[in-house]
Amino acid sequence: MKYSRIVGIGSYLPEKVWRNDDLRALMDTSDEWIQQRTGIKQRHWVDQDSTEGTSDLALKAAVGALESAGVAKEELDLIVVATVSPDHEFPGTACFLQAKLGVSGIPALDVRQQCTGFLYAISIADQFIRTGTYKKVLVVGAEIHSRGLDKTTEGRDMSVLFGDGAGAVVMVATDDPNSSRVLSTHLHADGRFAKELWIPAPSNAGPGPRITEEHVRSGAIYGKMNGKSVFVHAAKRMPEAVNEALAANGFSLSDIDLFVFHQANLRINEMVAKQLGIPEEKVFNTIDRFANTTAATIPLGLHEALRVGKLKPGMLVATAAFGSGFTWGSALIRW
Ligand code: COA
């Protein structure tokens, strides 16, 4: 039997910080409104005049992960990048990252599963490792939201929520079931809710060309969200996903040392913790500082928890995410 072990982790956040009050220069909002409803105090956004792309953020996180793993880039067998904000519509951001890393030839795969993207990505890596196909896989979650947000009052319900950032892990094969490893991943989706949180355009579903002046004029190029629906479903699905992981592994909630949930809204995570009945000190949140970085929230959270000493070797870590699609899932990791 093969298992996958996370042996390295890295992350990167753009330098420029936008506090809630800074957003008032762009839109009609307030620190009080944002903090009360979401717990967000600030977010990192790339310099909008720079040419920094999602693959650049991914590269910085990936280099950090490889260094901390002591794995040379030439040893990698596969690159998986989860993102909803690719450098370009095609080819995938994993290809741009692969070129920047300088490891041509190995497969490079994009995962477009939104806020659950990182869990889908490590699950894919885990399956390739378990079957013995690959031994060393780089998995990255990276987003640049700031270039795609409507930063006017009209788009404020969405634009205050999102930040830019990247996180990466290196996963390697191990034969030892008792070593630190990914114990399980569970993935779900319900496409009936696809339009509860989505970007209408560019669209190959017509009518007409995939991008039109009307798309731009009407704001169809910006994300649309039914915030209340997202909130309600997230608060239900994330506890379900955690319980599914526990049942599959024969653990109970008290066995978990640390919960690192997706960071969409602090109020959602508070509700998830309440429903599960888990103590606050076991939940590690970063949303106040990083906002929602979609596919990057979980690796960013794991890395930050490690950095501040909340995550230690041997700990049992439960992660869960919910997002657009709707998609949701969990991963249980012996760190
Ligand atoms: N600043 C100030 N006011 C704002 C605002 C902002 N950034 N965004 C919206 N408002 C206003 C609205 O215009 C509305 O005003 P009105 O009552 O005069 O019409 C009012 O605040 C309430 O808006 P509403 O959308 O009902 O707020 P809410 O209590 O549902 O909270 C969210 C909105 C987005 C915070 C909440 O629904 C949420 O967090 N949902 C989940 C979102 C999520 O997780 N998304 C990512 C998915 S992975």
Side-chain angles (χ1 to χ4, degrees), residues 18-43 45 82-85 111-120 141-143 145-146 148-165 187-191 193-199 219 222-241 260-273 275 285-288 290-301 319-330:
W18 286 74
R19 288 165 306 157
N20 291 344
D21 274 336
D22 298 330
L23 299 180
R24 293 172 61 203
L26 308 172
M27 64 188 82
D28 179 13
T29 189
S30 69
D31 180 46
E32 193 197 356
W33 192 99
I34 299 169
Q35 279 211 50
Q36 212 171 60
R37 286 176 172 77
T38 72
I40 296 167
K41 294 180 181 157
Q42 61 173 51
R43 71 285 293 137
W45 281 349
T83 185
V84 292
S85 49
V111 172
R112 294 284 294 267
Q113 297 323 113
Q114 305 72 248
C115 296
T116 320
F118 187 76
L119 295 183
Y120 271 74
E143 307 286 357
H145 283 301
S146 59
L149 298 171
D150 177 358
K151 300 191 195 94
T152 68
T153 299
E154 209 164 317
R156 66 184 178 176
D157 63 324
M158 286 285 276
S159 56
V160 301
L161 304 177
F162 294 96
D164 303 339
L187 307 176
H188 297 279
D190 190 340
F193 298 97
K195 292 187 178 177
E196 294 288 73
L197 178 51
W198 71 310
I199 293 192
Y222 298 117
K224 309 287 170 218
M225 175 176 71
N226 180 345
K228 289 193 172 66
S229 167
V230 172
F231 198 109
V232 169
H233 283 85
K236 176 168 178 276
R237 293 306 194 183
M238 290 217 286
E240 270 178 23
V260 180
F261 296 128
H262 170 57
Q263 305 287 302
N265 184 325
L266 186 61
R267 309 301 160 223
I268 293 177
N269 287 2
E270 286 170 349
M271 198 163 279
V272 169
Q275 283 184 26
N285 289 311
T286 55
I287 187 149
D288 57 329
F290 306 160
N292 183 351
T293 56
T294 305
T297 60
I298 289 176
L300 269 170
T319 74
F322 178 90
S324 160
F326 288 148
T327 56
W328 65 100
S330 62

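Atoms within each ligand, like the ligands themselves, are counted from 1 in listed order. Heavy-atom basis, side chains included; hydrogens, waters and symmetry copies ignored. Source: prediction; values computed, not measured.
Of the candidates Met238, Arg237, His262, Gln113, Trp328 forms a side-chain contact (heavy atoms from CB on, under 4.5 Å) with just one, namely Arg237. Applying the side chain to side chain donor-acceptor pair (under 3.5 Å) test between Arg43 and each of Asp164, Asn292, Asn20, Asp22 identifies Asn20 as the sole match.
Of all atoms in ligand 1, numbered sequentially from 1 with element shown, those under 4.0 Å from a heavy atom of Met225 are 34 (C), 42 (C), 43 (C), 45 (N). Taking every non-hydrogen atom of Phe322 and a distance limit under 4.0 Å, the qualifying atoms of ligand 1 come out as 48 (S). In summary, the atoms of ligand 1 found under 4.0 Å from a heavy atom of Leu197, numbered by their order in the structure, are 47 (C). With ligand atoms numbered from 1 in the order given, ligand 1 contributes 46 (C), 48 (S) to contacts under 4.0 Å with heavy atoms of Asn292. For ligand 1, the atoms sitting less than 4.0 Å from at least one non-hydrogen atom of Asp157 are 8 (N), numbered in the order shown with element in parentheses. Every atom of ligand 1 with a heavy atom of His262 under 4.0 Å away is listed here by number and element: 48 (S). Distances below 4.0 Å separate heavy atoms of Ala264 from the following atoms of ligand 1: 44 (O), 48 (S). The distance from ligand 1 to the heavy atoms of Val160 drops below 4.0 Å at these ligand atoms: 7 (N).
Of all protein heavy atoms, the one closest to atom 26 (O) of ligand 1 is Lys228 NZ, 2.6 Å. The protein heavy atom nearest to atom 1 (N) of ligand 1 is Thr29 OG1, 2.6 Å. Protein heavy atom in closest approach to atom 48 (S) of ligand 1: Cys115 SG, 3.0 Å. Of all protein heavy atoms, the one lying nearest to atom 31 (O) of ligand 1 is Arg37 CD, 3.6 Å. In this structure, atom 32 (C) of ligand 1 lies nearest to the protein heavy atom Trp33 CH2, 4.6 Å.
Around the CE atom of Met271, the shell of radius 6.0 Å holds no more than 12 heavy atoms that belong to other residues, nucleotides or ligands. Gln35 CD: more than 12 foreign heavy atoms inside a 6.0 Å radius.
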**Q.** side chain to side chain donor-acceptor pair (under 3.5 Å) between Glu196 and Ser229, intermediate numbers included
**A.** CA-CA 7 Å; Glu196 294 288 73; Ser229 167; 2.7 Å; yes
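Of the candidates Ala234, Gly223, Ser324, Gly227, the one placing a heavy atom closest to atom 37 (O) of ligand 1 is Gly227. Residue Asn265 holds the heavy atom nearest to atom 38 (C) of ligand 1 of all those in Asp28, Val230, Asn265.
Side chains of Glu143 and Ser85: a donor on one and an acceptor on the other come within 3.5 Å.
With a 6.0 Å cutoff to the six-membered ring centre and a 45° limit on the axis angle, Lys151 counts as a cation-pi contact of Trp45.
Interatomic distance, CG of Asp150 versus CZ of Arg156, reported as 11.5 Å (0.5 Å rounding). In this structure, OG1 on Thr152 lies 9.5 Å from CG on Leu26, to the nearest 0.5 angstrom. Summarising the geometry, atom OG1 belonging to Thr297 is positioned 11.0 Å from atom CZ belonging to Phe290; distances are rounded to the nearest 0.5 Å.
Under 4.0 angstrom from ligand 1, the non-hydrogen atoms of Ile268 all belong to its side chain.
In terms of polar-atom proximity, Arg156 is counted as a contact of ligand 1, with an N or O under 3.5 Å from an N or O of the ligand.
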